Amino acid sequence: MTQAVEPSAHTSAPVLAAYGYCETVTGQQARNFAYGIRLLPAPKRRAMSALYAFSRRVDDIGDGELAADVKVARLEETRATLARIHEGRVEEDDTDPVAVALAHAARQFPIPLGGLDELIDGVQMDLRGETYETWDDLKVYCRCVAGAIGRLSLGVFGTEPGARGAERAPEYADTLGLALQLTNILRDVREDAEGGRTYLPADDLAKFGCSAGFGGPKPPEGSDFAGLVHFEVRRARALFAEGYRLLPMLDRRSGACVAAMAGIYRRLLDRIERDPEAVLRGRVSLPGREKAYVAVRGLSGLDTRHVTRRAVRRRA
């Protein structure tokens with residue numbers, strides 16, 4: 001069982017400044033993530049911002065314009081920073097505010113920092129240009145870059161004392177991360193293709209006549225692109241359904257945070273399902289008012305109650 005540790009009453013000025021930096025990064029760059037973490041109490045919100053800022057650093061190295069060998073070196077430097085955090089060798093006056101904030105968060109909450117090593121492993125897979133023959137192959141990548149983030153976040157959220165099945169909470173957090181990542185892959189299919197990356201499994205692409213790839217605003221000639229998208233949407237929905245079993249195990253505000261973030265991506269799936277070719281024309285997104293509605297819905301506990309009722313029916 002994973003339970004959050006009560007944060008200390010006093011947080012020093014240097015640490016608060018480091019958290020402030022991380023919250024600025026999160027507010028400026030996390031389009032969907034920020035809507036969820038606004039629902040958390042301050043200590044958890046700060047810890048999640050530190051996790052986001054470190055994860056963003058890793059992602060930016062992978063997605064940036066640097067030469068491949070420089071990216072590899074930067075990732076190893078970032079891994080070394082993570083090792084210093086692991087070993088308690090980051091002081092409050094360190095010049096890296098993200099390291100200061102993350103080190104403090106890791107002392108306050110049982111965050112499994114090894115998940116950030118997995119994230120670095122996933123970005124290194126990108127740098128090697130790996131492709132994926134099957135869904136089982138792709139799951140390995142998704143677990144590195146998204147499932148690990150779910151498990152890291154659970155370290156901040158904790159589970160409610162006495163929550164039924166809480167020993168499976170890391171598994172559900174991981175699965176929810178997979179659902180979000182598969183949604184990202186569908187949304188970014190053309191953008192990734194233009195960057196020379198293909199994530200969807202090769203056997204799925206072949207099954208629907210899409211092996212030629214997605215270099216333009218139209219699907220490959222003679223392909224069943226809509227069939228491919230609907231197939232992947234069903235897979236993502238099944239992952240969401242399984243991952244949502246985490247919600248009743250969390251306190252109200254942590255559950256609201258997860259429901260808000262996941263709810264935004266589920267609505268993206270709805271849009272992609274209605275118009276599959278939209279992902280080839282540009283980035284599918286939700287307007288701010290719809291994201292705000294999803295956040296309010298999460299805070300109301302509707303999704304948690306729905307999952308709880310469904311679990312009760314299964315046990316009856």
Side-chain angles (χ1 to χ4, degrees), residues 14-15 17-34 37 46-107 111-132 137-138 140-153 155-156 177 180-181 184-185 187-188 191-199 283:
V15 170
Y19 277 132
Y21 173 85
C22 293
E23 290 189 285
T24 298
V25 170
T26 303
Q28 290 177 346
Q29 301 189 45
R31 295 183 181 90
N32 297 325
F33 186 82
I37 68 169
R46 291 171 185 154
M48 290 295 289
S49 294
L51 280 173
Y52 176 84
F54 191 94
S55 301
R56 183 74 192 202
R57 175 180 295 178
V58 175
D59 287 341
D60 284 349
I61 292 170
D63 293 336
E65 301 298 325
L66 297 172
D69 59 334
V70 178
K71 289 183 178 184
V72 170
R74 291 284 178 86
L75 287 175
E76 289 308 317
E77 290 170 7
T78 305
R79 202 187 291 275
T81 298
L82 183 59
R84 288 200 298 121
I85 295 170
H86 267 297
E87 296 161 7
R89 294 190 289 112
V90 174
E91 302 296 334
E92 291 186 359
D93 61 353
D94 194 280
T95 56
D96 184 345
V98 176
V100 171
L102 185 56
H104 184 270
R107 290 193 295 271
I111 300 171
L113 289 175
L116 291 169
D117 273 308
E118 293 180 55
L119 175 62
I120 294 171
D121 291 341
V123 173
Q124 288 177 326
M125 292 167 74
D126 279 338
L127 295 185
R128 293 194 296 268
E130 293 195 17
T131 56
Y132 308 97
D137 295 333
L138 180 59
V140 174
Y141 170 78
C142 291
R143 285 208 160 97
C144 285
V145 299
I149 301 301
R151 286 177 267 118
L152 287 158
S153 300
V156 176
L180 269 61
Q181 186 62 24
N184 270 336
I185 287 171
R187 181 194 62 187
D188 297 340
E191 181 180 324
D192 289 333
E194 290 174 345
R197 296 176 182 171
T198 301
Y199 291 105
R283 176 177 282 247

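In this text the structure is predicted, and so the values were computed from the model without any measurement.
Heavy atoms only, all atoms of each residue included: Ala105 and Ala47 are closest at CB-CB, 3.8 Å. Nearest heavy atoms, Phe54 versus Leu82: CZ-CB, 3.9 Å. The two residues Ala106 and Leu113 make their nearest non-hydrogen contact at CB-CD1, 3.8 Å. Pairing each heavy atom of Val90 with each of Ala103, the nearest pair is CB-CB, 4.0 Å. Residues Ser49 and Glu23 come closest through the heavy atom pair OG-CG, 3.4 Å.
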Can I get a per-line list of side-chain donor-acceptor pairs under 3.5 Å for residues 114-125, giving both atom names and the distance, sequence neighbours left out?
unit_1: Asp117; atom_1: OD1; unit_2: Arg79; atom_2: NH1; d: 3.0
unit_1: Glu118; atom_1: OE1; unit_2: Arg151; atom_2: NH2; d: 3.1
unit_1: Glu118; atom_1: OE2; unit_2: Arg151; atom_2: NH1; d: 3.1
unit_1: Asp121; atom_1: OD1; unit_2: Arg79; atom_2: NH1; d: 3.4
unit_1: Asp121; atom_1: OD1; unit_2: Arg79; atom_2: NH2; d: 2.9
unit_1: Gln124; atom_1: OE1; unit_2: Arg79; atom_2: NH2; d: 3.0
unit_1: Gln124; atom_1: NE2; unit_2: Glu76; atom_2: OE2; d: 2.9

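Inspection of the Tyr21 and Asp96 side chains reveals no N or O donor paired with an N or O acceptor under 3.5 Å.
Here the straight-line distance linking atom CG of Asp137 with atom CD of Glu130 works out to 9.5 Å at 0.5 Å rounding. Rounding to the nearest 0.5 Å places SG of Cys142 at 8.0 Å from OH of Tyr132.
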task = Start with the C-alpha gap between Leu102 and Thr81, add the side-chain angles, then the distance that decides, and say whether side chain to side chain contact (heavy atoms under 4.5 Å, CB included) holds.
result = CA-CA 11 Å; Leu102 185 56; Thr81 298; over 6 Å; no
message = Go through it in stages, so that I can follow the logic: the residues are Leu51 and Ile149, the test is side chain to side chain contact (heavy atoms under 4.5 Å, CB included), and I'd like the CA-CA distance, side-chain angles, deciding distance and then a yes or no.
response = CA-CA 8 Å; Leu51 280 173; Ile149 301 301; over 6 Å; no
task = Give the intermediate values and the outcome of side chain to side chain contact (heavy atoms under 4.5 Å, CB included) for residues Met48 and Ser153.
result = CA-CA 7 Å; Met48 290 295 289; Ser153 300; 3.3 Å; yes
query = Could you go step by step and tell me if Arg84 and Asp94 meet the side chain to side chain contact (heavy atoms under 4.5 Å, CB included) rule?
reply = CA-CA 11 Å; Arg84 288 200 298 121; Asp94 194 280; 3.0 Å; yes
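Side chain of Tyr199 to backbone of Asn184: no donor-acceptor contact under 3.5 angstrom is found.
Residues Leu138 and Ile185 have side chains in contact (heavy-atom distance under 4.5 Å, counting atoms from C-beta outward).
Look at Asp63 and Arg197 and you find a salt bridge, because one of the NZ, NE, NH1 or NH2 atoms lies within 4.0 Å of a carboxylate O, short of that distance.
By the neighbour-count criterion of 12 heavy atoms within 6.0 Å, atom CZ of Arg57 is densely surrounded, having more than that number from other residues, nucleotides or ligands.
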